[in-house]
Amino acid sequence: MPATPKQQFPGRPGDWVLYKDNQLIAFNKPAGLAVVPDKKGSPNLLQIGAAYAHHDLYPIHRLDRPVSGVVLFGKKASAQAKVSEQFQERTISKTYLAIVGERPKEDEATLVHFIREAKGNSSEVVDSSDKTAKRAELSYRYLGSSDRYHLLEIQLLTGRKHQIRAQLGAIGSPLRGDEKYGFKRGNTDKTIDLHAFTLAFDHPISGSRVELQAPLPDEPVWQAFSEIIAQLPAGA
């Protein structure tokens, strides 16, 4: 059995639930919690969520362990397959919030890089001529600043490993706490300040659009931006 999340993560699994029905369940994953089992046997959302739901769960997508926010699971393999198709067809809408130490030169831009997997569970931006690299594209816009940091809203247009982390690092605006991609120091809990804020998809049975929004982490650096984020339009 996985270690109880009460010892390491805020609240209880029931507090993390954003949506549930007989097909799907979505959680607001705490930063630092793995989504699926790993070789270390760490606590993970798949097992914790299944214990909470009293039901086998089927992973649909992933978030990096240090990242917080929306994670969706199928309660049935058929639901998993139908929503996974939407990820592949890019009809899913995903919005992330990112806290960076250096404000980008442009307040709004689309970034295109070529990324390949590198040593140490990382990705690196390389020249487009590298045949092992894959095209990575995202759009961002600047939302505001606190005394020390800056908040960006990000929409992923492709889904590459560590894409947001690598692309923001490449333009000199690495995520707060993300030493792997150029931030000057790590967070004490080894998290990074990236939050999967919204997820919108078509329900696998009804076909209706489902829009989920994950509340911000209860951390001072995030709460400093709460008024700015509260002004974002619904579904942003």
Side-chain angles (χ1 to χ4, degrees), residues 1-97 117 121 123 155-156 158-165 189-192 194-218 235:
M1 292 294 291
T4 173
K6 293 180 183 178
Q7 297 174 354
Q8 300 182 43
F9 306 107
R12 297 171 296 178
D15 301 329
W16 307 341
V17 176
L18 299 172
Y19 176 90
K20 61 180 177 178
D21 62 16
N22 65 351
Q23 300 290 320
L24 302 163
I25 187 166
F27 296 93
N28 184 9
K29 183 185 85 68
L33 179 64
V35 172
V36 297
D38 61 16
K39 295 178 181 178
K40 298 178 181 179
S42 306
N44 63 85
L45 186 58
L46 178 62
Q47 292 176 331
I48 292 169
Y52 164 80
H54 303 289
H55 202 292
D56 287 342
L57 300 181
Y58 301 87
I60 293 173
H61 64 121
R62 305 281 197 274
L63 285 183
D64 292 346
R65 182 196 296 262
V67 178
S68 60
V70 184
V71 176
L72 183 66
F73 295 101
K75 285 186 174 179
K76 299 180 180 179
S78 58
Q80 176 198 41
K82 288 181 179 179
V83 180
S84 294
E85 285 179 7
Q86 296 177 50
F87 274 91
Q88 295 169 4
E89 294 168 358
R90 299 182 186 176
T91 59
I92 296 282
S93 175
K94 293 184 290 183
T95 300
Y96 292 78
L97 297 174
E117 291 196 25
N121 187 33
S123 295
Q155 290 189 330
L156 274 181
T158 56
R160 309 302 183 200
K161 180 179 178 180
H162 293 190
Q163 179 179 334
I164 295 173
R165 301 169 65 179
D189 57 4
K190 299 183 180 180
T191 64
I192 59 176
L194 179 63
H195 182 64
F197 186 46
T198 68
L199 177 68
F201 58 93
D202 295 333
H203 193 275
I205 300 299
S206 69
S208 60
R209 196 70 169 171
V210 178
E211 297 185 355
L212 306 178
Q213 187 175 100
L216 298 179
D218 189 20

As an exercise, state the distance from CZ of Phe27 to CG of Leu212, rounded to the nearest 0.5 Å. 12.0 Å

Considering only heavy atoms from C-beta outward, does the side chain of Glu89 approach that of Ser84 to under 4.5 Å? no

Work out which heavy atom in Val36 is nearest to a heavy atom in Pro59; give both atom names and the distance. CG1-CG, 4.0 Å

Check: Lys20 side chain, Ala26 main-chain N or O, donor-acceptor pair, under 3.5 Å: no

Gln163 side chain vs Arg160 backbone, donor-acceptor pair below 3.5 Å: yes

Donor-acceptor under 3.5 Å (Asp64 side chain, Val67 main chain): no

Please walk me through it: do Tyr58 and Asp56 pass side chain to side chain donor-acceptor pair (under 3.5 Å)? CA-CA 7 Å; Tyr58 301 87; Asp56 287 342; 4.8 Å; no

For Arg165 and Pro66, the nearest pair of non-hydrogen atoms, with its separation, is NH1-CG, 4.4 Å

To the nearest 0.5 Å, atom OG of Ser68 lies from atom CG of Leu194 at 7.0 Å

Has Gln86 got a side-chain atom pairing as donor or acceptor with Asp202's backbone, closer than 3.5 angstrom? yes

Within the side chain of Asn28, is there an N or O that forms a donor-acceptor pair under 3.5 Å with the backbone of Pro215? yes

At what distance, to the nearest 0.5 angstrom, does CZ of Phe9 lie from CG of Asp189? 9.5 Å

Return yes if a side-chain donor-acceptor contact under 3.5 Å exists between His203 and Ser208, otherwise no. no

Please determine whether side chain to side chain contact (heavy atoms under 4.5 Å, CB included) holds for the pair Phe87 and Lys94, giving the CA-CA distance in whole Å, both sets of side-chain angles, and the decisive distance to 0.1 Å. CA-CA 10 Å; Phe87 274 91; Lys94 293 184 290 183; 3.9 Å; yes

Could you go through Phe73 and Leu46, starting from their C-alpha distance and side-chain angles, then the distance that decides it, and tell me whether this counts as side chain to side chain contact (heavy atoms under 4.5 Å, CB included)? CA-CA 8 Å; Phe73 295 101; Leu46 178 62; 3.8 Å; yes

Pair His61-Ile92, side chain to side chain contact (heavy atoms under 4.5 Å, CB included): steps then yes or no: CA-CA 11 Å; His61 64 121; Ile92 296 282; over 6 Å; no

If we only count heavy atoms from C-beta on, is the Pro204 to Gln80 side-chain gap below 4.5 Å? no

Rounded to the nearest 0.5 Å, what's the gap from CD1 on Ile60 to CD on Glu85? Could you check? 11.5 Å

Closest approach of Phe197 to Val70 (non-hydrogen atoms, all atoms of both residues): O-CG2, 3.9 Å

Reported CZ-to-NZ distance for the pair Arg62 and Lys29, which is rounded to 0.5 angstrom: 12.0 Å

Take Leu72 and Leu199, measure what side chain to side chain contact (heavy atoms under 4.5 Å, CB included) needs, and give me the verdict at the end. CA-CA 9 Å; Leu72 183 66; Leu199 177 68; 4.0 Å; yes

Asp218, CG atom: more than 12 neighbouring heavy atoms under 6.0 Å: no

Under 3.5 Å donor-acceptor, His195 side chain and Ala214 backbone: yes

Examine distances only and state if a side-chain atom of Ser123 and a backbone atom of Lys161 form a donor-acceptor pair shorter than 3.5 Å. yes

Flag the pair Asp21 and Lys75 as a salt bridge only when some basic side-chain nitrogen lies within less than 4.0 angstrom of an acidic carboxylate oxygen. no

Which atoms form the tightest heavy-atom contact between Leu24 and Gly74, and what is the distance? CD2-CA, 4.0 Å

Do any N or O atoms from the side chain of Trp16 and from the backbone of Pro10 form a donor-acceptor pair under 3.5 angstrom? yes

Quick one: closest heavy-atom pair of Gly14 and Tyr52, and the distance? CA-CE1, 3.5 Å

What is the distance from atom CG of Asn121 to atom NE2 of His162, rounded to the nearest 0.5 Å? 4.5 Å

